[in-house]
Structure formats: structure tokens, C-alpha cells
Number of protein chains: 2
Amino acid sequence: MATGRTHRPATRSRGIPEATVARLPLYLRALTALSERSVPTVSSEELATAAGVNSAKLRKDFSYLGSYGTRGVGYDVEYLVYQISRELGLTQDWPVVIVGIGNLGAALANYGGFASRGFRVAALIDADPAMAGKPVAGMPVQHTDDLEKIIEENGVSIGVIATPAGAAQQVSERLIAAGVTSILNFAPTVLSVPDGVDVRKVDLSIELQILAFHEQRKAGEEAAAAGTGPVAEAAAGAGTGTGTGAAPAAAVEPPAGRAAAAAAARKGGPEGDVPAVMPA
Amino acid sequence: MATGRTHRPATRSRGIPEATVARLPLYLRALTALSERSVPTVSSEELATAAGVNSAKLRKDFSYLGSYGTRGVGYDVEYLVYQISRELGLTQDWPVVIVGIGNLGAALANYGGFASRGFRVAALIDADPAMAGKPVAGMPVQHTDDLEKIIEENGVSIGVIATPAGAAQQVSERLIAAGVTSILNFAPTVLSVPDGVDVRKVDLSIELQILAFHEQRKAGEEAAAAGTGPVAEAAAGAGTGTGTGAAPAAAVEPPAGRAAAAAAARKGGPEGDVPAVMPA
DNA sequence: CAATCTTTGTGCACGCGTTCACAAAGACAT
DNA sequence: ATGTCTTTGTGAACGCGTGCACAAAGATTG
């Protein structure tokens, strides 16, 4: 899950739990696929499988929206697509601006998944004067100076920040001052925003780090299950302060990246008394 | 939150709660910033603010790792950076492959946040023969035919999928068969993978949809607070089945009605066959 | 029309995650 | 050395989310 909630104390928005809201787009995607195959109805079981969730959870989620199913039959695909779209607010047009047209910003500008969901890229904005006027995704990049004007003229309420981390806070402040009340933040920074503004963040590096954690754990378990070898011994020796935590870390040693991994493992050796130098 | 967990029933990985693991990278980022400013120690309060979380939560998170703080003083920045890095497995080298070098894949390849966290892009892979050999981020794109060979030779255990939705499942199967056990999926599809394989997904469109939901809600509340106008009237009139849910949603609903709205929802192009550019 | 079968909608219990609040621990001043 | 002050680490309570299991509802069949 590349998503990260931010602020908003999971406040149950008018009865619909946050967790349910987060799954609605998932259901919608599965339903749209069914709709395209002209499937008239689905059971909660089928749809749940397609969306990758539990069927009981799905039924409970739908129960928050109302009773749109027919017992003994299932759900009408078209009708459900409509209901969820309406609930999510996708039956209206949402103009968005993308600020920071680097590699990622350009990729977002070219992304087809926005338009198909009611989102319209109203403008691309970048601080680099050299970018101004250059076409990206068939649309001229505009300069940051005009940010406020663009927001107001297009009635933009959703902004996407794809700038470097250093610029993100300032950009968010300008966006908010100009009227934006929802921000999707790709910059690796915590944005501080006033109440009433929603921020969701996507941090690619964080997702990878979470995967690395589990990967390391898996490797550690494998090593442990493989019986006692020199590796396991080393792990046991290192485990002093952290208790359970120490073992997997030392036992990781993947069959890959031999030299590099060995060097890394060596540096992390004895519990805690290492310079602890971490590149940013 | 662009992330979505997948599978893995929130199994508390060796004592450390999933929720805590997901926040460790956040703390690490904040700590790294402090480290660069040569700040020697931080209190839980300061660090929590920098990471955008509650200080009690932060302390509890750290308590799962061990007792690394000093009462009355706080935490030693360098030492904590090291401990968290070690816990996350970032003290070793993680070779990753990126499959699908469209706009997003290229953006990921150029993304600096990987290398700085112990992740090394070992190869870029694309199915388009025309892409083969073309340099992206100073690295030649390789053809899908060599996928298995690349995975094995580099000991890759983490794969990033940035292909169109239609290709994602097949790509994941090949990655897994070749030895990959963790996947970061940017394609807008539910991947079905065997036990023991971790999948995390990032769906840009889903994030925007969640923002739209809250945005709509805010607009609805405003309208309601603004007193009764033609809008509020229409909302009241349209509110039939959803109960409380109907009001805000109906306020933005076009006069079109059921058929048109359903058609609009349908318009979203074929789910899977995105222009081979950017999944989501 | 009655019996059967399918599938929804939900009451309930359980577990994870969050937050509060405070005692224990250590630094620092006197 | 003693006292004060700061900040950690955590026990306990609470709330949200999940999953089970089943009654109710409706379709379908004879």
C-alpha cells in the first residue's frame, strides 16, 4: 500500500468509515471491468475476489451506502457503478493542477487513469522558467508565477505536488491560499496544512522500505529454519540488546549481491556501537 | 495514502506491528534530516512533529524496537538512524528491477530516493523491442525475454511493476517464478500471488478518488451550512435511498439522472488497456 | 402456492491500533 | 547528596475494523 493517511483523525465522514471509503475505488474498478464485459450482476463473493477483499467485508461496506443488492441474486453491476461513482463524487468534473513537472510530474500528466475517472488536468505548473511553454502531454507548462491565477480561473480544488521535497511546503501554502482544499503529495515531506485541508501522500521509497523489512524477515526465517550454520551463529552472537529484533537483521545475507551484502552485514555487526552512518 | 496493503492478514511480524513498520520509514526520513543538520538528540515530541505523528505513538513504536532513548534527554539521532535502518534491513543492498519502462517506469528509474536508501536499480525491463538498448536513467533497457536471467544473475528479490494493467499478472508470475518474493505494483490490478510473496500497491487514481470523496463532502457541508437554496432543495428532493448519504452527493448530482450518470461512469475506457504508458 | 435454494444484510465478538496518563529513570542544579 | 525537572516507557482503556455466522429476503422450481 503506497498510501499514507495524513492528519484527519480517521473521522468517520458522515457515517461511512474511512476504511470503507478507501475500498470504494477498488470495487469501482472491478465493477467497471465487469461492466465492460457486459456482466449484468455479481455476487458479493465474485466481486470480492475480483477486488481482492473478503466478501463479508464487501457486503458490510455496501451496507453503509444502502441496500443495493438483491438476495439470492447479487448486485446489479451498472447500478452499483453509478451508486459508488456518485458516492465518491466522480459524477462531476474535478479539475486538478500538477505542480512540479519533472519525471514524475510528466508521468502523472500522461497518466490515463485520471481522465477516465472524472479528473481533468487543468494545468501543469513548474518553477523552472526554461520549462514554461514546453508541451508536456499535449499541454503547455506554465510558470509558478501564475499559480494563483490558474487555480482561481479554473476553480481548482485538488492539487498534485510532484516537486522536490524542499519546495513542497511552500507550494502547498500557495495552493491552499489560492483555494485548493485537497492535496496529493508525492514529495517526501510532511506537509503542514490548516484544518479543513486534506492531504494524502504517496512515497515510493517508503513502500520499498516496508517491502525490504518483510523481505529481511523472510530471509531471516529461512536461515533459522535451515538449521544452525555460521550465519545463525553470528546472529545469535549479535543479539544482545534488541532481543528478538537482532536475529533476522544479522541473518539476512541473501544469495544475491554477494560482496555488497557482506560488506553491509559486516558494518552492522556488533549490536549498537557502530558509527551508524546512513546516507540520506 | 497512496498505499494499499495487500494480503498478509496484518500478521504481526515477529512482534513489530504492521502499523509500526509502516511508520518506521517516516521516522527515518525525519531523523536523516536532523542528522544532516548535525542535531545530536531529539525528544519524542520534536521528532513526532517532524514525522507528522503523535508523540505517544512514536514512543510506543520505538518501544517495540527496544529502549533507545534516555529519559530527560531524548533520543540520540545517529544511533536511532542506525537502529531503524537495521530493523528495516536498509543496511544491506537490495537490487530491484523495474518492469515496464513507460513514463512512470522511467520516472521511477530516475527517482533518487531509491539509491539513497539501499535500493539499487539492477535492471530496467520492457516488452517493447523498440525500447531494448535505449538508455533510461543512464542504463540500457533490456527486453522481457531476459527477465528470468536478469533476476537470477543479480539475485533480485524485489520487483517493481509499472506495466499496463493487462500485463501485470503475467509479469508478476514470471518475476515470482524467477525468485522474486516482494512486489511493488503500480498497475491498477489485483495481483494474485502465492503465499510467502508480499505485494504492496500504489494506485494514483485511487488516491485521487479518496480526495474527491472528501472534497465532495466538504462542498456538501458548505452548501448545507449556507442555508436553504435551490441546491439544498434539490438535494432534499433527490435524497431517497441513501438516507443521510444522499444529501451531499445529490447536491452535486447533475440533473441528468440515472441513465446519463451510468453512461458517464461507463465512459471510462477499458480498464486494462491503458496506452502502455502509466498504470493506475 | 409451498418448498427449497441462494445470497444479502447485520448482530456480535474479537483483536489491533491509538491515546491517555503516570510512574520510573535519568539529567541537572544547588 | 539531595531535590527538582524533564522525558521516556508502558499499563490500561477505548474505539475502529474485521470476520463469523445466521436470520431474513427473495428468486426459483415443482
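Each chain gets a letter, A, B and so on, in the order the sequences are listed, and its residues count up from 1.
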Option passing side-chain contact (heavy atoms from CB on, under 4.5 Å) with B/L211 (candidates A/V199, A/I183, A/L184, A/L88): A/L184
What residues, two or more places apart in sequence or in another chain, satisfy side chain to side chain contact (heavy atoms under 4.5 Å, CB included) together with B/A33? none
If only side-chain N and O atoms of A/Y75 are considered, is one of them under 4.0 Å from the OP1 or OP2 phosphate oxygen of C/dG9? yes
Can you tell which of C/dT18, D/dT8, D/dT18 lies closest to the side chain of B/S43? D/dT8
Judged by modelled atom types alone, do B/E173 and B/Q169 share a side-chain donor-acceptor pair under 3.5 Å? yes
For A/R23, enumerate each residue passing the salt bridge (Lys or Arg N to Asp or Glu O under 4.0 Å) test, keeping only those at least two apart in sequence or located in another chain. A/D61
Take nucleotides 23-30 of chain D nucleotide by nucleotide from the 5' end and write B, S or -, depending on whether a protein heavy atom sits under 4.0 Å from the base, only from the sugar-phosphate, or from neither. -BB-S---
Rounded to whole angstroms, how far apart are CD1 on B/I16 and C1' on C/dC16? 16 Å
What is the distance, rounded to the nearest whole Å, between atom CD of B/E45 and atom C1' of D/dT6? 12 Å
Distance check needed: C/dC20 P versus B/N54 CG, whole Å only. 6 Å
OH of B/Y64 versus P of C/dC16: gap in Å, rounded? 10 Å
Calculate the interatomic distance between A/Y68 atom OH and C/dT7 atom C1'; express it in whole Å. 19 Å
Contacts under 3.5 Å, N or O only, protein and nucleotides 11-14 of chain C:
unit_1 : atom_1 : unit_2 : atom_2 : d
C/dG11 : O6     : A/K60  : NZ     : 3.2
C/dC12 : N4     : A/K60  : NZ     : 3.2

Do B/F62 and B/Y75 pass the ring pair (Phe, Tyr, Trp, His ring centres under 6.0 Å) test, and can you show the C-alpha distance, the side-chain angles, and the key distance before you say yes or no? CA-CA 10 Å; B/F62 285 175; B/Y75 298 91; 5.2 Å; yes
Hey, could you give me the CG/CZ distance between B/L208 and A/R200, rounded to the nearest 0.5 Å? 10.0 Å
Considering every strand and a 4.0 Å limit on heavy-atom distances, what is the contact class for B/F62: base, sugar-phosphate, or nothing? nothing
With the side chain of A/A56 defined as its heavy atoms from C-beta on, choose the nearest nucleotide among D/dA21, D/dG17, C/dT8. D/dA21
On the nucleotide C/dT8, are OP1 or OP2 found under 4.0 Å from the side-chain N or O atoms that A/S44 carries? yes
Does the pair B/Q209 and A/L28 meet the rule for a side-chain contact (heavy atoms from CB on, under 4.5 Å), with working shown? CA-CA 10 Å; B/Q209 290 173 57; A/L28 185 55; 3.7 Å; yes
If I take atom CD in residue B/E18 and atom P in nucleotide D/dT18, what distance separates them, rounded to the nearest angstrom? 14 Å
Polar contact flag, side-chain donor to acceptor under 3.5 angstrom, A/E78-A/Y82: no
Does A/R59 make a side-chain N or O approach to OP1 or OP2 of D/dC22 shorter than 4.0 Å? no
Rounding to the nearest 10°, end axes of the helix from C/dC1-D/dG30 to C/dT30-D/dA1 built from five pairs each make an angle of 10°
Rounded to whole Å, please give me the gap between CG in A/L58 and P in C/dT10. 14 Å
Over all atoms of both residues, closest heavy-atom pair of B/V190 and A/G52: CG1-CA, 3.9 Å
Separation of C/dA21 atom P from B/K57 atom NZ, nearest Å, is 17 Å
Residue set satisfying side chain to side chain contact (heavy atoms under 4.5 Å, CB included) with B/T70, at least two apart, ordered chain then number -> B/V73
Mind running side chain to side chain donor-acceptor pair (under 3.5 Å) on B/T91 and B/R86 for me, showing each step along the way? CA-CA 6 Å; B/T91 52; B/R86 192 174 57 84; over 6 Å; no
Given the rule in the side-chain contact (heavy atoms from CB on, under 4.5 Å) test, do A/N185 and A/S172 qualify, once you have shown the distances and angles that lead to the verdict? CA-CA 9 Å; A/N185 180 31; A/S172 77; over 6 Å; no
